[in-house]
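What follows is a short report on a single structure.
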Amino acid sequence: MTRTARILLPLAATALLVTAWHVAATRVGSTLLFPPPGSVVLGAVETAAGGRLFGHIVASLQRFAIGYLGGIAIGVPLGLLLGLSVHARSAFDPIIQVLRPISPIAWFPLFTLWFGIGELPAIAIVFTAAVYPVILTTTSAVREVDPLYLKVARTFGDSRAGTVARIILPASLPGIAVGLRIAVGTSWVFIVAGEMLGVTNGLGYLIIDARNSLRTDLVLVAIVIIGALGLGIDRALRLAEARVRRHWGGAA
Amino acid sequence: MSARPGIRFDSVTKLFGTSSGQAHRAVHDVTLSVADGEFVCLVGPSGCGKSTLLAIAGGFEQPTSGRVLIGETEITDPGTGAVTVFQDYGLFPWRTVRDNVEYGLQVRGVPPAERRARALAELDAVGLGAFAEWHPHELSGGMRQRVSIARALAVDPAVLLMDEPFGAVDAINRARMQEELERLWCEHERTVLFVTHDVDEAIYLADRIVLMTPGPGRIAEQIDVTFSRPRVRGSGEFFALRSRILETLHLAGTESRTEFEI
Ligand SMILES: Nc1ncnc2c1ncn2[C@@H]1O[C@H](COP(=O)(O)OP(=O)(O)O)[C@@H](O)[C@H]1O
Ligand SMILES: [Mg+2]
């Protein structure tokens, strides 16, 4: 595919979608039921002008960052432990396998009871969505470390702790980086749900607030921004992951 | 150079369990001494137990009976005397060439400045001083194996164990690698136990060739290689020794000559 095609094709597809949206919305003829693209842009300009939109974005990103980084802070060490120790793995793997398929939303009632109404339940939901993929990918990255590296560590008489720090951790970093990127996708999805109750800002709150005041155009503003931010975060992590991969080089 | 102990195999036998439940005798009653500074090659067809013997010397496998000693110390674990150089190099791709060579020194707690100096000196010795800050994946197979040899030599091991270290290197570079290894060895007279199934490689490098035969793996004959170094591959004595070795292996073993790379 040529460079021009790579730029033009998505632009053309987007233009087509927006046109179809506009035509459909005009047919429906109700800005409330199905706001056309034009009114969504106006709505975005209106909330952006008051500085409120930016505040919502910052609030969501902050909660997301805390929950996601918390998931890494807990998930990576736990994944390391499970990857390194057969005993830890046989003890905790069944528990993780049972907890993992539970939607973070299911915990919401308990989170609000435990943490009160407010910031923490939203953060806890993001954390819950992030932590499992981080644990699982870290565990398998550790288990997939080339056994030859471990033989080298042994022939040079490296200690257990030294082998973990000098060999296992750096050798599993590319695998962990993949996990961090997967987790960013799964957990970003849940920031909206987390903000639909008990907070007074953030993109999830914006959606609920807009619905209550019958501003469906603003609902769509929030939706588009959530998508765009999700894409941006994913791209940033892909770049970081590619850097790790490049720096780590091929197998040698 | 201080007198060092060499390595001694004392009636080493190794059985492996098999899926049929019957024990498989990989090595049978091997007694072998490698003196300090001696270069010994284990030669024989595949399956005769060369790798098993080396793994026992490296502490990776335990003998079923008998023992391996460096001086008075019995080898029960890796990292206690001998350092193994592996066929597939085992370089760490996230470390630069110099950091790779520093690894063993780091394990031994050598301070960074000294570590760096020693790593650079070893890299110079294998002709890779200019590649110190490169990463392993940027190097050819032969260069990678030189890095891995430099990494082993940096810790000045009592015994250097090499299991077909040039097996993954192409034929032309292999000859060069052999020449470099011999030059390195001549400079320092390290104790080397080297596994190969390439008879020419063994004749080029060894002070003594230990011929092994399979079923069960044992020593068939030991031959001192007395002609002077560096050896000339096309010379009459080289050729005569090769014929003799092939004949011995052919008579002793059930394997055909085609098992050998000539
Ligand atoms: N871990 C193992 N388990 C079972 N059998 C093994 C194992 N390692 C080696 N053997 C067997 O022991 C014999 C000697 O193997 P090896 O030492 O690798 O020979 P070589 O290096 O001379 O080719 C072979 O018959 C091989 O199948
Ligand atoms: Mg072998």
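The figures here come from the full heavy-atom set of this structure, side chains too, leaving out hydrogens, waters and symmetry mates. Chain identifiers are assigned alphabetically (A, B, ...) following the order of the sequence lines, protein sequences preceding nucleic acid strands; residue numbering begins at 1 within each chain.
Inspection of non-hydrogen atoms places no residue of residues 86-105 of chain A under 4.5 Å from chain B. Residue-level contacts of residues 153-190 of chain A with chain B, in order of numbering, are A/Ala153, A/Arg154, A/Thr155, A/Phe156, A/Gly157, A/Asp158, A/Arg166, A/Ile167, A/Pro170, A/Ala171; threshold 4.5 Å between heavy atoms.
Within 6.0 Å of CZ in A/Phe54 there are 12 or fewer heavy atoms belonging to other residues, nucleotides or ligands. The 12-atom threshold is exceeded at CD1 of A/Ile7, counting heavy atoms of other residues, nucleotides or ligands nearer than 6.0 Å. Around atom CZ of B/Arg176, no more than 12 heavy atoms belonging to other residues, nucleotides or ligands sit under 6.0 Å away. A/Arg243 CZ: 12 or fewer foreign heavy atoms inside a 6.0 Å radius. A 6.0 Å sphere centred on CZ of A/Arg143 holds no more than 12 heavy atoms belonging to other residues, nucleotides or ligands.
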Would A/Val152 and B/Phe92 satisfy side-chain contact (heavy atoms from CB on, under 4.5 Å), going step by step from the backbone distance to the final call?
CA-CA 9 Å; A/Val152 172; B/Phe92 306 132; 3.7 Å; yes
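With a 4.5 angstrom heavy-atom cutoff, B/Arg151 touches chain A via backbone and side-chain atoms both. Interface remark: B/Glu138 contributes no atoms to any contact with chain A (heavy atom separation under 4.5 Å). Of the atoms belonging to B/Val83, heavy atoms from both backbone and side chain fall under 4.5 Å from chain A.
In this structure, B/Trp94 CH2 and A/Tyr149 OH are separated by 5.5 Å, a value rounded to the nearest 0.5 Å.
No cation-pi contact links A/Lys151 to B/Phe86, judged by a cut-off of 6.0 Å to the six-membered ring centre and 45° from its axis.
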